[in-house]
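Structure, as structure tokens:
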Amino acid sequence: MSHKMDSNKLEKHYWIWPIAIYLFLGGLGGGTLFVAGMFDILYGPEAGYITALAVLAGVACLGFGSFLLVFELGQPLVFLRVFLSGTAILKYGACLLILAMGFGFVNFLYYLPAEWQLFYYSWTWIRDLCCWLMAICGLGVMVYTGVFLASMKAKAFWNTPALPVLFTVSALSTATVLLAILAGVWPMPADFTVQLAGAAHAAEFDAHKLVEELHFIDSILVIAEVIVLLVYVLMMRAAGNITARTIAIKWLQGAWAPLFWGGMICLGLVIPFFCYRLGGAGAEFIAPVLVLAAGLLLRFMVVFSDQRHEIAGERRFYNRLPKGDEAFLHEWKAPY
Amino acid sequence: MTRYAMVMDQRRCIGCQSCTVACRTWNELPLDILYNPVVGEGVVGEFPHVHQTFTPLICMHCDNPPCTICCPCKASQQDEDGIVWVESEKCMACKACVNSCPYGARDVSALDAPLHSYVRKCNFCKDRVREGELPYCVATCHQKARIFGDLDDPNSDVSKLVNGLNTNRIFPELGTDPQVYYIPDLGGVKL
């Protein structure tokens, strides 16, 4: 997609909303496949009937995220080169995305209603293998979204090991929410229960119990996310790098402070924690929406905190370039 | 082995932006792209003890370029003589390299045709250099503030200046090993 013409390179955002949504959906989709795969592995393949729709939703998230990634490119058709060459993090991420979607979809096919099943139904080893591979690739995608940004040396606020940790915890939290929303909705019957071979605390397991467990797990994850988020931003606030420090001040005390404290910390993480503790409609309806919104807001805030180290005199130079001439310059573009 | 590098003599640079304009003309750049702006912090000091320093910027053609490592299409590449360049046909304009460059030396034009944009950057005028000529910005600089040559040739001006004077580099702490050296305005003499 084309970008707005901006004469000041220091203020220019090269990655905008499609990348923010892509990073959110990548974390959400990858995390969903990972958590659902872990449930299958820990509780046996029967548990997959409860999480199957979430797996499909996870695949859809990755698919739509990939579409946004390609949509954001200057030359989308050249994207195929990614699979033919290169050893960049983006290439590994793209491969993991494709593999996670493939394995997740094959895994989902095994949980379709019996009348929809085809010849593959008896080959359960494929389902088990795909479950493992789906979880591994999902984990890879989830971690990659943070590593991808953290690898940018030029970006003071991104180039830190804390960012992949934050994105991973956030991805796990949003994935847990998605699983809780879609657990047992389809294709399993309403009275479906799983006889658990490996669970010590319950002989039987159903969607309701899974949702309770997921709410408990997410209440821990949101608190972990608050801690990691505060450590990350406060670490940047105390950093020696002036660019990182300026962005952290903007988050903590500046223009973005209402978004950070009110939107992300309070509405997105602390209130969901109390909703989970109180249970009922708050845990089922309010907390999931707030956690997902906080995940998206986090990606937007991080993506737009992309200022690079400033070279002395650069800002003065770009500030002195003509402004407001975009329309004139656009008309002037011929013969280029 | 050849290793091209550039020295910017800040004692000589007067901030006339001739190199900026010459580069734009030679490379037929769109209006929103600059490869080598000459920046400065303005006049400092108190009259009559005032001075002004200019810093000509350009791609640093780093020895350890973060922009080539992050390119998923191998469009961004480095030749054996150290020149970092972009093969436009292979570039999908994902802008990973733009975001990874600490020097802001890469950009995409908003004036490119939709779905046909690509990342642009200085390539040390490699077509001229390989025919024995100087990069256009160097050839244009009437102050001789830009010096270009082979760093591995002990008889080149670049090698003599880098080894004989105190020179600075921009953000060497990032580990990119930039190959553009600056002779500071007030100083430069090796003690």
Side-chain angles (χ1 to χ4, degrees), chain A residues 1-7 9-10 12 14-15 19 69-70 72-94 148-149 151-156 158-159 306 308-318 321 325-326 328-330 332-333 335-336, chain B residues 15 17 20 28-34 37-42 53-55 57 64 66-76 88-119 170-171 173-176:
Chain A
M1 68 181 291
S2 66
H3 287 247
K4 187 171 164 263
M5 198 161 140
D6 194 343
S7 56
K9 277 177 83 170
L10 289 170
K12 196 168 172 179
Y14 289 96
W15 284 336
I19 293 293
L69 179 65
V70 175
E72 214 271 340
L73 297 175
Q75 298 200 58
L77 292 178
V78 185
F79 183 71
L80 294 173
R81 276 192 59 81
V82 169
F83 300 108
L84 303 175
S85 63
T87 52
I89 293 174
L90 194 59
K91 180 240 177 77
Y92 292 121
F148 177 49
L149 289 193
S151 67
M152 302 289 156
K153 277 183 185 182
K155 307 295 181 185
W158 297 354
N159 188 218
D306 60 350
R308 65 174 166 82
H309 303 272
E310 203 173 313
I311 298 168
E314 224 183 342
R315 184 167 296 278
R316 181 174 177 270
F317 176 85
Y318 288 117
L321 289 179
D325 296 339
E326 287 81 3
F328 166 76
L329 293 173
H330 195 76
W332 190 263
K333 68 181 176 182
Y336 305 124
Chain B
Q17 309 277 354
T20 314
E28 297 184 343
L29 297 180
L31 283 157
D32 57 344
I33 301 285
L34 284 178
V38 181
V39 305
E41 292 184 287
T53 301
F54 296 99
T55 308
L57 297 177
N64 183 23
C67 52
T68 58
I69 297 163
C70 72
C71 178
C73 297
K74 286 200 170 172
S76 189
S88 58
E89 293 79 20
K90 291 182 179 176
C91 177
M92 61 178 182
C94 66
K95 298 174 282 275
C97 60
V98 179
N99 277 319
S100 73
C101 175
Y103 307 102
R106 291 166 169 257
D107 209 342
V108 282
S109 173
L111 302 176
D112 280 333
L115 306 182
H116 287 89
S117 68
Y118 58 91
V119 172
I170 299 176
F171 302 146
E173 68 277 9
L174 294 176
T176 53

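From a predicted model like this one, the values you see are computed outputs, not experimental measurements.
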**Request:** May I ask you to name which of Gly93(A), Ala312(A), Gly313(A) has the most heavy-atom pairs under 4.5 Å with chain B?
**Result:** Gly313(A)
**Asked** Does any heavy atom of chain A fall under 4.5 Å from the side chain of Glu173(B), the backbone, both, or neither of them?
**Response** neither
**Asked** With a 4.5 angstrom heavy-atom cut-off, which part of Cys94(B) approaches chain A: side chain, backbone, both or neither?
**Response** both
**Asked** Can you name the ring-ring contact (aromatic ring centres under 6.0 Å, His included) partners of Phe79(A), sequence neighbours left out?
**Response** Phe83(A)
**Asked** Checking side chain to side chain contact (heavy atoms under 4.5 Å, CB included) for the pair Val108(B)/Tyr14(A): CA distance, chi angles, key distance, verdict?
**Response** CA-CA 9 Å; Val108(B) 282; Tyr14(A) 289 96; 4.2 Å; yes
**Item:** Contact class of Phe54(B) relative to chain A, heavy atoms under 4.5 angstrom
**Value:** neither
**Side chain, backbone, both or neither of Thr20(B) within contact of chain A (heavy atoms, under 4.5 Å)** = neither
**Asked** Relative to chain A, which segment of Ile33(B) carries a heavy atom at a distance below 4.5 Å: side chain, backbone, both, or neither?
**Response** neither
**Item:** Residues in side chain to side chain contact (heavy atoms under 4.5 Å, CB included) contact with Cys67(B), at least two apart in sequence or another chain
**Value:** Pro65(B), Ser76(B), Val84(B), Cys97(B), Ser100(B), Arg106(B)
**Message:** Quick one, Leu90(A) with Val82(A), criterion side chain to side chain contact (heavy atoms under 4.5 Å, CB included). Give me CA distance, side-chain angles, the key distance, then yes/no.
**Reply:** CA-CA 8 Å; Leu90(A) 194 59; Val82(A) 169; 5.7 Å; no
**Prompt:** Between Lys91(A) and Pro72(B), is there a donor-acceptor pair closer than 3.5 Å when you use the side chain of the first and the backbone of the second?
**Reply:** no
**Asked** How far does CG of Leu34(B) sit from CG of Leu57(B), to the nearest 0.5 angstrom?
**Response** 10.5 Å
**Prompt:** With chain A, which of Cys70(B), Gly175(B), Gly104(B), Pro37(B) has the greatest number of heavy-atom pairs at distances under 4.5 Å?
**Reply:** Gly104(B)
**Prompt:** Under a 4.5 Å cut-off applied to non-hydrogen side-chain atoms, are Ile19(A) and Lys95(B) in contact?
**Reply:** no
**Request:** Quick one: which of Cys91(B), Ala75(B), Cys101(B) has the most heavy-atom pairs under 4.5 Å with chain A, could you say?
**Result:** Cys91(B)
**Message:** At a 4.5 Å cut-off on heavy atoms, which part of Ile170(B) comes close to chain A: side chain, backbone, both, or neither?
**Reply:** side chain
**Asked** Can any side-chain N or O of Arg81(A) pair as donor or acceptor with the backbone N or O of Cys73(B) at less than 3.5 Å?
**Response** yes
**Request:** Output the option from Arg315(A), Glu314(A), Glu310(A) having the highest count of non-hydrogen pairs under 4.5 Å with chain B.
**Result:** Glu314(A)
**Asked** For Val38(B), is it the side chain, the backbone, both, or neither that has a heavy atom closer than 4.5 Å to a heavy atom of chain A?
**Response** backbone
